[in-house]
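Each chain gets a letter, A, B and so on, in the order the sequences are listed, and its residues count up from 1. What you are looking at is a predicted structure, and each value in this text was computed from that prediction instead of being measured.
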There are 2 protein chains.
Amino acid sequence: MSGRTLTKILIVEDEPEIAQLVNLYMGKEGFRTSVAKSGGEALKLLKSERPDLVILDLMLPEIDGIEVCKRIRNAPDTALLPIIMLTAKAEESDTIVGLELGADDYVTKPFSPKALVARVKALFRRLDRETSDQRLSFSFGPLAMDLSRHEVTVNGKEVSLTAKEFGLLEYLLRHQGRVLTRDVLLNTVWGYDYYGTTRTVDVHIRRLKLKIPLLNDAIISIKSLGYKLSDQAPALS
Amino acid sequence: MSGRTLTKILIVEDEPEIAQLVNLYMGKEGFRTSVAKSGGEALKLLKSERPDLVILDLMLPEIDGIEVCKRIRNAPDTALLPIIMLTAKAEESDTIVGLELGADDYVTKPFSPKALVARVKALFRRLDRETSDQRLSFSFGPLAMDLSRHEVTVNGKEVSLTAKEFGLLEYLLRHQGRVLTRDVLLNTVWGYDYYGTTRTVDVHIRRLKLKIPLLNDAIISIKSLGYKLSDQAPALS
DNA sequence: CACAATCGTAATCAAACCGTAACATGCGGC
DNA sequence: GCCGCATGTTACGGTTTGATTACGATTGTG
């Protein structure tokens, strides 16, 4: 997430107080921002500023949010640009139809700025993770995993893991923060053809935790669902 | 929306001119219609015609609109049937305010047929979207829910919920503003095969409210009908 | 072939969750 | 204003779920 410091956010909102508020909170988080007060301005700023994310109000003068959204999706260089849409609950009855076409998340007004910040971050995390597919190394606080060398170190000291343990940890790291059911883990780490009891997963989680005490608190068990690796990596020691 | 061409609408209205008028306009829109002139007839037609939406006058001979509404909601196979209620301005003051009834939308007489058509379409759109909604995160004022991380935060602070609590809250958020009977909740959150008392729902609602005080006012109990999550998200903090 | 490492299963144990029942309160109808 | 039903609230015990440990099977290796 530290690589996000130069992230630019375009805020498209005609009500000055709201724009101001969002601007303020995004700034606090270290995001750079620009504000457009109309659809037309938004389209201009998209070209000049090349933001990494757009917060887009649905109701706008001139060109409305739906239209802006469509244009963003239809232009090749912005087709994948993440969009968070702001909608008033009251609008829903009439206008929301067009929403299916492509916002990545929605926030209904009134919203808390904090919640919006959380959503922005969550969206970035999601996207980061999606692009993490080809990664060959991961880190989690003092833990580092290197796939090419098949090596895991904690504070620089190597930890020897078995194949299953390694695969399991790799999968957890790739999907940091997301809840993974035992079935998902069995299907991916063990293989789709594997038929065994889900308890197997528990035992291997246990073995991981024994070898790497760091993970004791980091791997969180969620009852009746599965496990997740905390997205807060523990501090370096 | 083109899949709506075979949509059937039941019009429950004792005044012939109004019934006629509504009938005409709905027909123009390509909806199939049936008309009931009394509450009793409405209940009969509900069974034989299986409409996709009901336009229901509040004032009716025999069985009034409120009662018809209740019965629709309490019958398992019509519990989620969308209802638009027609109310006279005068009635508003006493009956409706406190009750909230179980309708999905209201139109006050006198109304323009075009406006009614617009409301019908809007309601269908809303419901279509609700059922096809694959969102993984929701917000409700300062509350944010993230399904993939199985995490609920209020003002950014995490709240730990059990599986049932989480599922219940998710369903409420997905159907914000709709009245949900205990049976509907049991069937969806607990599962179609679940057999237990409806009181279970009350207890879980209670537990949700304890963990998330925000919901104290937001989850509204409607006597002899069920619960609904307010469609106004609470103001930001 | 023997040995060691790894892995899956089963058994045991603890804790959390959940449903029910029982009691309390509130609300509408008469 | 009282009665009865619907809902709110609380507490308790059973059941489910997960943690943990031990063991036997399997695999690979020298």
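- Residue-to-nucleotide contacts include a donor-acceptor pair under 3.5 Å from the side chain of B:Arg199 to the base of D:dG8.
- The nearest heavy atom of DNA chain D to A:Ser224 and to B:Arg207 marks one nucleotide each, and the one closer to the 5' end goes with B:Arg207.
- For the pair A:His204 NE2 and C:dC7 C1', the computed distance is 5 Å after rounding to whole Å.
- Checked by atom type, the side-chain pair B:Asn23/B:Thr33 shows a donor-acceptor distance below 3.5 Å.
- With hydrogens and angles disregarded, no donor-acceptor distance shorter than 3.5 Å links the side chain of B:Thr181 to the backbone of B:Gly226.
- Relative to the side chain of A:Thr200, the nucleotides C:dC18, D:dG18, C:dG8 differ in distance, and C:dG8 lies closest.
- Counting non-hydrogen atoms of neighbouring residues, nucleotides and ligands closer than 6.0 angstrom, the NZ atom of A:Lys114 reaches no more than 12 such neighbours.
- If you take NZ of B:Lys223 and P of D:dT7, they are 7 Å apart, rounded to a whole angstrom.
- Taking atom CG of B:Asn74 as the reference point, atom P of D:dC5 lies 16 Å away to the nearest angstrom.
- A straight line from CH2 of B:Trp190 to P of D:dT16 spans 17 Å, rounded to a whole angstrom.
- To the nearest angstrom, P of D:dA19 lies 13 Å from CG of A:Asp217.
- Closest to the B:Lys164 side chain, of the nucleotides C:dC18, C:dC7, D:dA6, is C:dC18.
- The distance from atom NZ of B:Lys211 to atom P of C:dC18 is 8 Å, rounded to the nearest whole Å.
- The pair A:Asp105-A:Lys121 does not meet the salt-bridge criterion, since no charged nitrogen lies less than 4.0 angstrom from a carboxylate oxygen.
- Distance B:Leu208 CG to C:dC17 P: 13 Å, rounded to the nearest Å.
- Relative orientation of the B:Phe31 and B:Phe124 rings is tilted, given thresholds of 30° and 60° on the angle between their planes.
- Side chain of A:Tyr194, nearest nucleotide from C:dT20, C:dG26, C:dG8: C:dG8.
- The B:Arg182 side chain lies nearest to D:dG8 when the options are D:dG8, D:dG18, C:dT9.
- Using a 4.0 Å cut-off, some side-chain N or O of A:Thr162 falls inside it from OP1 or OP2 of C:dC7.
- Comparing D:dT20, D:dA6, D:dT16 against the side chain of A:Arg206 picks out D:dT20 as the nearest.
- Comparing D:dT21, D:dA6, D:dT9 against the side chain of A:Val203 picks out D:dT21 as the nearest.
- In this structure, A:Asp202 places its CG atom 12 Å from C1' of C:dG8, rounding to the nearest Å.
- The side chain of B:Tyr227 sits closest to D:dT7 out of D:dT7, C:dA15, C:dG19.
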